[in-house]
**Q** 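This is the structure, below, for whatever I ask next.
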Amino acid sequence: MLLIHCPYCDATLPESEFAYAGEAHINRPADPSTLTDEEWRDYLFIRTNARGPHFERWRHVHGCARFFNAVRDTVSDRFLMTYKAGEARPDLTAVKEAAE
Amino acid sequence: MTTQRHDFDSAPFLIEELPWHPRFSLRVRPGNRAALAAALSLDLPTAIGQRATAAGAEVFCLGPDEWTILVDNAAPLVAASRNAYGQIPHSLVEISDREITLRISGAQALTALTTGCPRDIEAMPVGQGARTLYDSATVTLWRDDRQDFRMDVWRSFLPHVRAILDQVMVELRSGL
Ligand SMILES: [Zn+2]
């Protein structure tokens, strides 16, 4: 089982309390009606599918119930960091160095 | 293999269904927390899992903007909330019937809970708690003493949770 650090509870807790919620930092277009079909398709369905560090959303659903963001290595399944929802996307180089 | 002596007469832990008690869910943004706490005459702790006990009221911080409140007498709390509502936006919802509270106590209460709860409950300080899981059901766990817990279980999940705990009781009793 993975152990995940919830930035709101400030505790490292078992994976079964959490739910994965897709890629992070995907903003809904301000005015969808101005988008082409291709742009709307990309917003809805096209994802990074990263091999390595991946910015993703999680929800501490059986706990404080908050959504937060995480950087997880999709190869090793290792969580490099977690941070509160709404915080800026962290610089990957700095994240990697901090996790070393 | 167990080295424990079998004692078929003693109950390893006790499960009691606690009687109905007024329970509320309070939501308020962090910026308004202090003002609302003053208006409701309640201590609203900010650390998740922390609890505050006052005369006739128990408050449990479930999330950064969410508290469960148990009160002996609901009317004064509802009145205070209504008075504050215009100035301090918040939501106070009565949820007394949503969950059934089980009291789990006795020599092996901790062991019984670890059968379904993935958290390290042993490390949880007495007087605190957590919203967590028991098997697949979300529960609110209150640690009142080392081997004395309350567990709020959503009504529809109760038969499932009780069935597992009853099985655990049989297994612990038989020395497994
Ligand atoms: Zn949390």
Side-chain angles (χ1 to χ4, degrees), chain A residues 1-28 30 54-90 94-95 98-99, chain B residues 25-31 33 44-51 59-68 91 93 95 98-99 113-125 128-143 151-154 156-158 160-161 164:
Chain A
M1 184 180 298
L2 299 174
L3 292 171
I4 302 174
H5 184 86
C6 173
Y8 292 95
C9 295
D10 194 22
T12 303
L13 297 163
E15 177 195 359
S16 47
E17 287 192 2
F18 296 83
Y20 178 69
E23 187 169 353
H25 302 293
I26 294 172
N27 294 329
R28 183 181 167 87
H54 182 233
F55 293 82
E56 56 195 24
R57 301 197 313 156
W58 283 79
R59 187 180 178 207
H60 191 189
V61 58
H62 305 291
C64 67
R66 294 300 89 195
F67 280 91
F68 60 91
N69 292 330
V71 189
R72 181 180 56 98
D73 190 308
T74 58
V75 177
S76 64
D77 235 359
R78 179 165 173 224
F79 279 80
L80 303 178
M81 75 175 292
T82 58
Y83 52 102
K84 290 179 179 176
E87 286 179 7
R89 180 189 177 110
V95 170
Chain B
S25 167
L26 173 70
R27 306 291 302 262
V28 61
R29 295 209 166 165
R33 183 199 61 87
L44 298 177
T46 49
I48 296 166
Q50 216 152 56
R51 290 158 50 184
V59 181
F60 187 147
C61 180
L62 289 176
D65 60 357
E66 185 180 6
W67 291 264
T68 286
S91 128
V93 180
I95 52 163
R98 192 179 72 179
E99 286 136 314
L113 288 172
T114 56
T115 59
C117 184
R119 270 201 198 214
D120 183 2
I121 313 171
E122 195 165 14
M124 180 189 288
Q128 292 196 19
R131 183 159 58 187
T132 178
L133 277 178
Y134 186 84
D135 194 63
S136 54
T138 303
V139 298
T140 309
L141 197 62
W142 310 59
R143 188 174 204 180
M151 188 161 81
D152 304 334
V153 185
W154 283 48
S156 56
F157 285 99
L158 190 69
H160 175 68
V161 169
I164 301 174

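Keep in mind the model is a prediction, meaning the values are calculated, not measured. Just so we're on the same page: letters track the sequence lines, and every chain starts at 1.
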**Q** Which of the residues V139(B), T138(B), L133(B) is involved in the greatest number of heavy-atom pairs with chain A at under 4.5 angstrom?
**A** L133(B)

**Q** Which one of G63(B), A137(B), P118(B) has the most heavy-atom pairs closer than 4.5 Å to chain A?
**A** P118(B)

**Q** Do other residues, nucleotides or ligands put more than 12 heavy atoms under 6.0 Å from R29(B) CZ?
**A** no

**Q** Relative to chain A, which segment of D120(B) carries a heavy atom at a distance below 4.5 Å: side chain, backbone, both, or neither?
**A** neither

**Q** I'd like to know which of T140(B), T132(B), L62(B) tops the heavy-atom pair count under 4.5 Å against chain A.
**A** T132(B)

**Q** Name each donor-acceptor pair under 3.5 Å that joins a side chain in residues 79-87 of chain A to protein atoms two or more places apart or in another chain, with its distance.
**A**
from	atom 1	to	atom 2	distance (Å)
T82(A)	OG1	H5(A)	O	2.8
Y83(A)	OH	H25(A)	NE2	2.6

**Q** Not counting sequence neighbours, which residues clear side-chain contact (heavy atoms from CB on, under 4.5 Å) with H60(A)? List them please.
**A** C6(A), C9(A), L13(A), E17(A), F18(A), C64(A), F68(A), R119(B)

**Q** Any chance CD of E15(A) has more than 12 other-residue heavy atoms, nucleotides or ligands included, within less than 6.0 Å?
**A** yes

